[in-house]
Number of protein chains: 2
Amino acid sequence: MKKNIENAICLADFLPYRLSVLSNRISRAIADGYEEKFQLTLPEWRVMAVLGEESDLSAAQVAERTAMDKVAVSRAVNKLLEADRLERHFSPEDKRRSVLALSNEGRAIYNEVIPIALGYEGKILDKLSAVEKEALTSLLDKLETIQLQA
Amino acid sequence: MKKNIENAICLADFLPYRLSVLSNRISRAIADGYEEKFQLTLPEWRVMAVLGEESDLSAAQVAERTAMDKVAVSRAVNKLLEADRLERHFSPEDKRRSVLALSNEGRAIYNEVIPIALGYEGKILDKLSAVEKEALTSLLDKLETIQLQA
DNA sequence: CGATATTAGTTTCATTCGTAACTATTTGCA
DNA sequence: TGCAAATAGTTACGAATGAAACTAATATCG
């Protein structure tokens, strides 16, 4: 396998490229499992996923937990509200702050999507040994802490 | 740390989500290192990267090596042609097939971007021990082979 | 109290992206 | 040969995305 020793990049060996291709492939496969069936986009699903875990978050808290930006959250929330998958009211103390939660319908969909998403993750993790799974988790923990801004 | 044992997802522990966030963060950081400076988008850079390694590829071969689809390649190639960073002629045997290569100007830019890209990768890899680097490579090798299509 | 700054969330606009349809060329095979 | 199918690449179009400007509500501080 060609290495990046001279002034050239072998894309196939380049970590950022490999992560990008792998991640896109996995996300696409999972989204294919629910997008058409539930008319649900990836950003919408992410919003539902955090609200399934914890209710009554503000849009900003959803953004924080999903690593989405506030515009993306706003759009996803509005589409979910239109589809009656979310309920929103506003905090009495601060009328700007929204308080978001899954509706019954949203919860039902959440309960259906969860096994699909976990199924795909399982399909991947099942191919790894216990040691490899451990290594993967610990590498991700470490990589997530790395500061990149020049 | 909350685990995915019940019918819920802890996004922060969910492998596809973690990969996606990590990969986007890294790609964004690297792109910030060349996009503005060279007026170069990520897909354009990917095309240049493969042609820097190997010249006279067709658009389809570029697509294959970059994991981009043919439309994205077509667009990137056309922008690079307009900017005189690429040269294109067509195969005499098959007038449909393009033969792409970096221009001198493209090569010069390639030579400038390479160290930026490798620098970011190095910044990440330097935080890992030799054993961790080995584990990462072997995990990626393995994960890349996994079949996901339901 | 009242002006200014900050914060939450939305809207706008320009760009990007993906899918599907299209053109041109070549291949295969009756 | 010659016509249908396949292939290389482009175009068209609607949806998704991101940055910046905007609105409304609250906080700060003279």
Side-chain angles (χ1 to χ4, degrees), chain A residues 20-21 23-25 27-32 34-36 38-48 50-51 56-83 86-101, chain B residues 20-21 23-25 27-32 34-36 39-47 50-51 56-83 86-101:
Chain A
S20 168
V21 171
S23 162
N24 288 339
R25 201 160 58 88
S27 293
R28 187 92 310 275
I30 300 180
D32 286 346
Y34 62 71
E35 272 188 347
E36 193 182 6
F38 300 101
Q39 295 295 317
L40 194 61
T41 64
L42 176 57
E44 283 164 44
W45 166 242
R46 285 212 175 141
V47 169
M48 292 186 67
V50 294
L51 291 171
D56 297 334
L57 300 175
S58 71
Q61 290 173 313
V62 169
E64 200 185 316
R65 284 166 173 72
T66 55
M68 292 163 68
D69 77 68
K70 63 180 184 166
V71 177
V73 170
S74 172
R75 284 197 265 246
V77 163
N78 280 306
K79 283 213 264 168
L80 291 169
L81 285 171
E82 275 170 38
L86 237 55
E87 276 163 14
R88 171 170 65 181
H89 59 276
F90 291 88
S91 165
E93 302 101 57
D94 183 342
K95 289 176 235 159
R96 294 170 304 182
R97 177 171 284 115
S98 57
V99 178
L100 301 165
Chain B
S20 168
V21 171
S23 161
N24 288 339
R25 201 161 57 88
S27 293
R28 187 93 312 277
I30 299 180
D32 286 347
Y34 63 70
E35 273 188 347
E36 193 181 7
Q39 296 295 315
L40 195 61
T41 65
L42 175 58
E44 283 164 44
W45 166 243
R46 286 213 174 140
V47 169
V50 295
L51 290 172
D56 298 334
L57 300 175
S58 70
Q61 290 173 313
V62 170
E64 200 185 316
R65 285 166 172 71
T66 55
M68 293 163 66
D69 78 68
K70 62 181 184 166
V71 177
V73 171
S74 172
R75 284 197 265 246
V77 163
N78 280 304
K79 283 214 261 166
L80 290 169
L81 285 171
E82 274 169 39
L86 237 55
E87 277 164 13
R88 172 170 64 180
H89 59 274
F90 290 87
S91 164
E93 302 101 57
D94 183 341
K95 287 176 236 157
R96 294 170 305 181
R97 176 171 286 115
S98 57
V99 178
L100 302 165

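Chain naming here is simple, since letters A, B, ... match the order of the sequence lines and numbering starts at 1 in each.
Between the C1' atom of C/dT16 and the CG atom of B/Asn24 lies a distance of 15 Å, rounded to the nearest Å. Distance A/Asp69 CG to D/dA20 P: 12 Å, rounded to the nearest Å. In this structure, A/Leu42 atom CG and D/dT17 atom C1' are separated by 13 Å, rounded to whole Å. Distance, B/Met68 CE to C/dT16 C1': 12 Å, rounded to whole Å. Regarding A/His89, its NE2 atom lies at a distance of 17 Å from the P atom of C/dA8, rounded to whole Å. Remark: P of D/dA16 and CH2 of A/Trp45 are 18 Å apart, rounded to the nearest angstrom.
Taking CZ from A/Arg88 and CG from A/Leu80, the interatomic distance works out to 11.0 Å, rounded to the nearest 0.5 Å. Here the CZ-CD1 distance, from B/Arg28 to B/Ile30, works out to 10.5 Å after rounding to the nearest 0.5 Å. Note: A/Glu87 CD to A/Asp56 CG = 10.0 Å, rounded to the nearest 0.5 Å. Taking OG from B/Ser20 and CG from A/Asn24, the interatomic distance works out to 7.5 Å, rounded to the nearest 0.5 Å. Taking OH of B/Tyr34 as the start and OG1 of B/Thr41 as the end, the distance is 7.0 Å to the nearest 0.5 Å. To the nearest 0.5 angstrom, B/Asn78 atom CG is 7.0 Å from B/Glu82 atom CD.
Residues that satisfy the side chain to side chain contact (heavy atoms under 4.5 Å, CB included) test with A/Arg97, not counting sequence neighbours, are A/Ser58, A/Ser91, A/Asp94.
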Under a 4.0 Å heavy-atom criterion, the protein footprint on nucleotides 4-10 of chain D, written with B, S and -, is --BBSBB
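Each end of the helix from C/dC1-D/dG30 to C/dA30-D/dT1 gets its own axis from five base pairs, and the two axes differ in direction by 10°, given to 10 degrees.
Using a 4.5 Å heavy-atom cutoff, the side chains of B/Leu100 and B/Val62 are in contact.
Within the 4.0 angstrom heavy-atom criterion, only backbone atoms of the sugar-phosphate kind lie near B/Glu93; the bases stay farther away.
Nearest-nucleotide assignment on DNA chain D puts the 5′-proximal partner with A/Lys79, out of A/Lys79 and B/Arg28.
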Step by step, would you call A/Val47 with A/Arg75 a side-chain contact (heavy atoms from CB on, under 4.5 Å)? CA-CA 10 Å; A/Val47 169; A/Arg75 284 197 265 246; over 6 Å; no
